[in-house]
Amino acid sequence: MAKQLLLIDGNSIVFRAFFAMHNQIDKFTNKDGLHTAAIYGFKLMLDHVLDQFHPDAALVAFDAGKVTFRTKMYDDYKGGRNKTPDELTEQFPYVRELVEACGLHSYELKNYEADDIIGTLAKEGDEAGYETLIVTGDRDLTQLASDHTTVAVTHKGVTDTEHYTPAHVEEKLGITPRQIIDMKALMGDSSDNYPGVTKIGEKTAIKLVKQFGSVENLYDHIDELKKSKMKEHLVEDEAIARECKTLATILQDAPLEIGLDDITYRGEQTEELVAFYQQMGFKSFLAKMDLAPEEKADKSAPVEYTELTADNLAAVDQLEGELNFYLEMPDANYHTSPFAGFVIGDGKTWLVSRDAELLKQDPLKKLLESPAVAKNVFNAKAQIVGLHRLGIDLRNVDFDLLLASYLLNTNDNSNDLGQVALEHDYHEVATDEEVYGKGAKRAIPADDQVFYTHLAQKARAIDDLRAPLFKKLDDNQQTPLYTDIEVPLTRVLAAMEITGIKVNAQTLKDMGSKLTERLADIESQIYAAAGEEFNINSTKQLGHILFEKLKLPVIKKTKTGYSTAVDVLEKLADQAPIVEDILQYRQIAKLQSTYITGLLKVIHSSDQKIHTRYLQTLTQTGRLSSVDPNLQNIPVRLPEGRLIRKAFVPSHAGWQIFSSDYSQVELRVLAHITGDKNLQEDFKNGEDIHASTARRIFHLPADAEIDRNMRRRAKAVNFGIVYGISDYGLAQRIHVSRAQAHEFIQNYFKEFPGVKKYIDDTIAFAREHGYVETITHRRRYLPDIHAKSFSRRSFAERTAMNTPIQGSAADIIKIAMIRMKEEIKQRQLQARMLLQIHDELVFEAPAEEIPVLQKLVPQVMDSAVQLNVPLKVESKVGDTWYDLK
DNA sequence: TCTCGGGTG
DNA sequence: AAGTGCACCCGAGAT
């Protein structure tokens, strides 16, 4: 049998793979954030080809760069193409790695395209008696088809190919493969951007080639054509046609430094390939290699379950050891969601039901509440709140799949169990979307078999992932973070959410009426100034009025039109009185929609309270976030907005609101982490940190008065440093020249050299390890730290330095919250923790307990962790959240 | 469903 | 050659 030669057009296949999978681009990223869709697609193609074709020699050819002999001939060759997306460019080096790991060779040659390498080797193969298969996404290569060379062109996707033999070309086009060159010379190629002869397309080109055989012969016999527009074009464009023929011709004698002897196919290099799959996060490929067949068969075995009813509850008593439990609440808001069913099981037996009421009965209730029986769950906080609604107090949560997964990698968190399982290479559970559908069609399946299987699979996934995830946490030194902080915090948060905060709806409604009146006034003023009525809330219509009708200067543009953001409007305020009105309108409209009607919508009628949900597994830094509604952004800065806080009141008469906040916690963490002696000294001396910073960076004497403006600027510099600000940004922020801003920053680094060193070291750490850490080993991966794109890389560098600061501050208050809850319980106080706003804790308590809190809360908060600078806590108290003093 | 604008720390 | 301070949530309009 003849030897076989495989030649692959690397660039075109990678392009095809990338765009074929483009709609799933975000699904295909590895843990470092590298996009992998094209790499994945390339491997699919390779497997598909190697399934049927067993080469003795194999090569993947790549383009060496933009410049080739063709571009030298014809400037615009391949001109006008869109820039290759960064998400694709970054994948090329890895495709080469893959190629090598698969035992194929790769090659590129300066000044030549991949096509020419393939053409040359195909010819060599022909002469040496090989059967050759060329795989490409580019139909141009079909010109290389011959008796012993087949060209497979990808069709749809990357594995669906069309095989071009001379017979197939003949059948499709009616010409020989070599005549494709003549055809292209006449018709041109829009993707390679060469023109061909005016007005000649594929049909006419084929007709002419059939008639004359070649471009050269056509021009030798051009006189035989009768007079026509086409003939005129042919005559006029003769030079172009001849040049295009050269451009279209794939070389078969490129000066390659390699030959067939150098590209022997080595077969799969197992070890390299496994390492590569691991790096890329290609779990399905890995699974195919690693798992023994019987093991796979076992894993995919359907799950067996028993339906629980009031009559067979005793089955629960047969369960042994740790229990896996999952209460299904189809709505995201577990404070109000209906209950769809539950599953409980020990890893061998799975008991399911649609009737959550069963949980109220023993032995189920007893087991769930037993501190002696460990429970494994997904999203413990949701389970605690849901069960609390059924009168059950879930105790002893050991494993929370969602929480553990979040700590391992904040990037791939999802609220969907199936999705999270997938991230950990576990395929035996479907996602909710797959089983329940999405959008309007989402529903719990009526079919018991379908629903119960899904429930049982979820519980089994929790059970199966417990050990491996605990192992990973341990490897990352994150077990204490998980066990001592996040899991206990879950209970604290659940209690805060369940408690809720009382909101006086009437207060909000009264404010709303006043705002409505004021809005109407401002609205009419705006319409008068504009000379017409329009929707002020529409940035598009507003932009039209300001920048077209009133011809105000355009300061900034957005992707979709004129920017009308505050900083823009402020610059325009002195040019037209309407601008001030618009700013006023915006402010009030925001209060009205988000804070008056928005909050009124979420007051529970049963208790006049708002029950937010804290998301514990969302932010990239370890902070909490708050939704439905967000109680972490209730207005405070502007006096009008601040009034909203009057509606937040204690839940009992004779009680008060009490609040303590860390002062400058992030800067203190900065002083601690950087070890900067000057910064630490300033804090230890108990100085006004912004004033002392002003003294240092503006080179003022120690006893100098710091005026408000200097302090303001120094404060902006302090915050800017933490966020990784540029001189440009700082200049914008504090209204100084860029040169001045630059000087401030330079001075800062001179005065606080430890901070400068920390920034450099942290970025270096991120580059080396791919992640950064907080003081509790909370981790954030920063794949973009290696990005080619300047802005993406810069962003990653700023987050590298900011995340340990912001994240450590988050760690500190989390610890304080856990300890505070314990103290309240131990001292049998009636006080309750209500809100956490990043550096602030809000409580309600009977008036007589306030003196206790005044001492206790700051004490707990400032001793939560021991930093090498003191933590400072300030407290306030009042009858409403507004009145805190 | 996306974009803009704006509220918080 | 381009962009320019971190972390969030949500309402309204446009599509």
Side-chain angles (χ1 to χ4, degrees), chain A residues 83 410 438-439 534-543 556-569 582-583 585-599 601-602 612-615 618-638 640-642 644-645 661-667 670 716-734 738 741-742 745 772 780 788-807 809-810 813 835-841:
Chain A
K83 187 182 172 298
T410 54
K438 67 168 176 178
F534 64 100
N535 188 340
I536 307 167
N537 289 319
S538 159
T539 47
K540 196 172 164 216
Q541 293 180 38
L542 181 62
K556 201 164 74 179
K557 286 199 157 193
T558 65
K559 266 182 271 181
T560 52
Y562 309 110
S563 168
T564 64
V566 169
D567 57 323
V568 171
L569 295 187
I582 291 165
L583 285 166
Y585 179 92
R586 280 254 178 89
Q587 200 191 118
I588 298 171
K590 171 86 179 180
L591 292 176
Q592 184 75 290
S593 66
T594 305
Y595 297 106
I596 302 289
T597 56
L599 289 176
K601 267 188 277 191
V602 291
T612 185
R613 282 154 52 225
Y614 288 103
L615 304 187
L618 181 132
T619 71
Q620 298 298 305
T621 54
R623 276 188 173 185
L624 302 174
S625 78
S626 155
V627 292
D628 293 343
N630 181 358
L631 291 183
Q632 293 180 318
N633 73 341
I634 302 301
V636 68
R637 292 178 191 178
L638 299 175
E640 294 96 322
R642 195 172 190 144
I644 298 286
R645 296 185 171 216
D661 70 286
Y662 285 111
S663 108
Q664 294 127 10
V665 64
E666 290 195 352
L667 288 176
L670 181 73
V717 173
N718 271 331
F719 280 104
I721 293 296
V722 174
Y723 299 145
I725 203 171
S726 65
D727 50 11
Y728 173 89
L730 182 63
Q732 288 274 310
R733 180 87 194 173
I734 60 174
R738 191 167 170 172
H742 181 76
I745 294 173
V772 290
R780 179 180 188 172
K788 278 217 185 70
S789 144
F790 173 82
S791 68
R792 287 174 61 168
R793 195 174 61 247
S794 304
F795 187 73
E797 288 171 357
R798 291 196 295 269
T799 44
M801 54 158 292
N802 175 262
T803 296
I805 311 288
Q806 189 182 119
I813 197 166
L835 303 173
Q836 189 252 44
I837 307 149
H838 309 307
D839 62 357
E840 175 186 8
L841 295 177

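Below, chains carry the letters A, B, ... as their sequence lines are ordered, and counting in each starts from 1.
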Looking at every strand, decide which applies to A:Val722 at a 4.0 Å heavy-atom threshold: base, sugar-phosphate, or nothing. nothing

According to a strict under-4.0 Å criterion, is A:Arg798 in side-chain N/O contact with OP1 or OP2 of C:dC6? yes

Nearest-Å distance for atom pair CZ/P, residues A:Arg793 and C:dG3: 14 Å

Could you give the CZ-to-P distance, from A:Arg792 to C:dT4, as a whole number of Å? 14 Å

Considering only heavy atoms and no angle criterion, is a donor-acceptor pair shorter than 3.5 Å present between the side chain of A:Arg586 and the base of B:dG5? no

Answer with base, sugar-phosphate or nothing: what part of the nucleic acid does A:Leu618 contact at a heavy-atom distance below 4.0 Å? sugar-phosphate

Pairs: protein N or O with nucleotides 12-15 of chain C N or O, under 3.5 Å:
from	atom 1	to	atom 2	distance (Å)
C:dG13	OP1	A:Asn535	ND2	2.8
C:dG13	O3'	A:Ser538	OG	3.3
C:dA14	OP1	A:Ser538	OG	2.6
C:dA14	OP1	A:Gln541	NE2	3.4

A:Gln732 has an atom CD; how far is it from atom P of C:dT4, in whole Å? 11 Å

Tell me whether the OP1 or OP2 atom of B:dC4 has a side-chain N or O from A:Thr564 closer than 4.0 Å. no

Phosphate OP1/OP2 of C:dA7 contacted by A:Thr803 side-chain N/O (<4.0 Å): no

Whole-Å distance, A:Ile582 CD1 to B:dG6 C1', equals 16 Å

For A:Thr621, the side-chain hydrogen bond (donor to acceptor under 3.5 Å, both in side chains) test, sequence neighbours excluded, returns A:Gln806

Would you mind classifying the nucleic acid contact of A:Gln620 as base, sugar-phosphate or nothing, using non-hydrogen atoms under 4.0 angstrom? sugar-phosphate

Of all the choices, C:dT4, C:dA7, C:dA2, which nucleotide is nearest to the side chain of A:Phe790 once you look at every atom? C:dA2

Within the structure shown, what part of the strands sits under 4.0 Å from A:Phe795 by heavy-atom distance: base, sugar-phosphate, or nothing? sugar-phosphate

Does A:Thr621 have a side-chain nitrogen or oxygen under 4.0 Å from the phosphate oxygens OP1 or OP2 of C:dA7? no

Return yes if the base of B:dG7 and the side-chain atoms of A:Lys590 contain a donor-acceptor N/O pair under 3.5 Å, otherwise no. no

To the nearest angstrom, how far is A:Leu599 atom CG from B:dT8 atom C1'? 13 Å

What is the nucleic acid contact for A:Ile634, judged by heavy atoms within less than 4.0 Å: base, sugar-phosphate only, or nothing? sugar-phosphate

Salt bridge (Lys or Arg N to Asp or Glu O under 4.0 Å) involving A:Arg780 - partner list, sequence neighbours excluded: none

So what does A:Ser789 hit on the nucleic acid, given a heavy-atom distance under 4.0 Å: a base, only sugar-phosphate, or nothing? nothing

Do A:Gln632 and C:dC8 have a side chain to base donor-acceptor pair shorter than 3.5 Å? no

Could you check which of C:dG5, C:dA7, B:dG6 has an atom nearest any side-chain atom of A:Ser726? C:dG5

Would you mind reporting whether A:Thr560 and A:Thr539 have side-chain heavy atoms less than 4.5 Å apart? no

What is the distance, to the nearest angstrom, from the OH atom on A:Tyr585 to the P atom on B:dG5? 15 Å

Name the nucleic acid region contacted by A:Asn633, choosing base, sugar-phosphate or nothing; use a 4.0 angstrom heavy-atom cut-off, strictly under. base

Among B:dG7, B:dG5, C:dG5, the nucleotide that comes nearest once only the side chain of A:Phe719 is considered: C:dG5

Does C:dC9 have OP1 or OP2 under 4.0 Å away from a side-chain N or O of A:Ser625? yes

What is the separation between atom CD on A:Gln592 and atom C1' on B:dG7, rounded to the nearest whole Å? 15 Å

Identify which nucleotide among B:dT8, C:dC8, B:dG5 has an atom closest to any side-chain atom of A:Pro635, counting heavy atoms from C-beta outward. B:dT8

At 4.0 Å (heavy atoms only), tell me whether A:Gly729 reaches a base, stays on the sugar-phosphate, or touches nothing. sugar-phosphate

For A:Arg637 and B:dG9, is the shortest distance between a side-chain N/O and OP1 or OP2 below 4.0 Å? yes

Whole Å only: how far is the CZ atom of A:Arg613 from the C1' atom of C:dC9? 12 Å

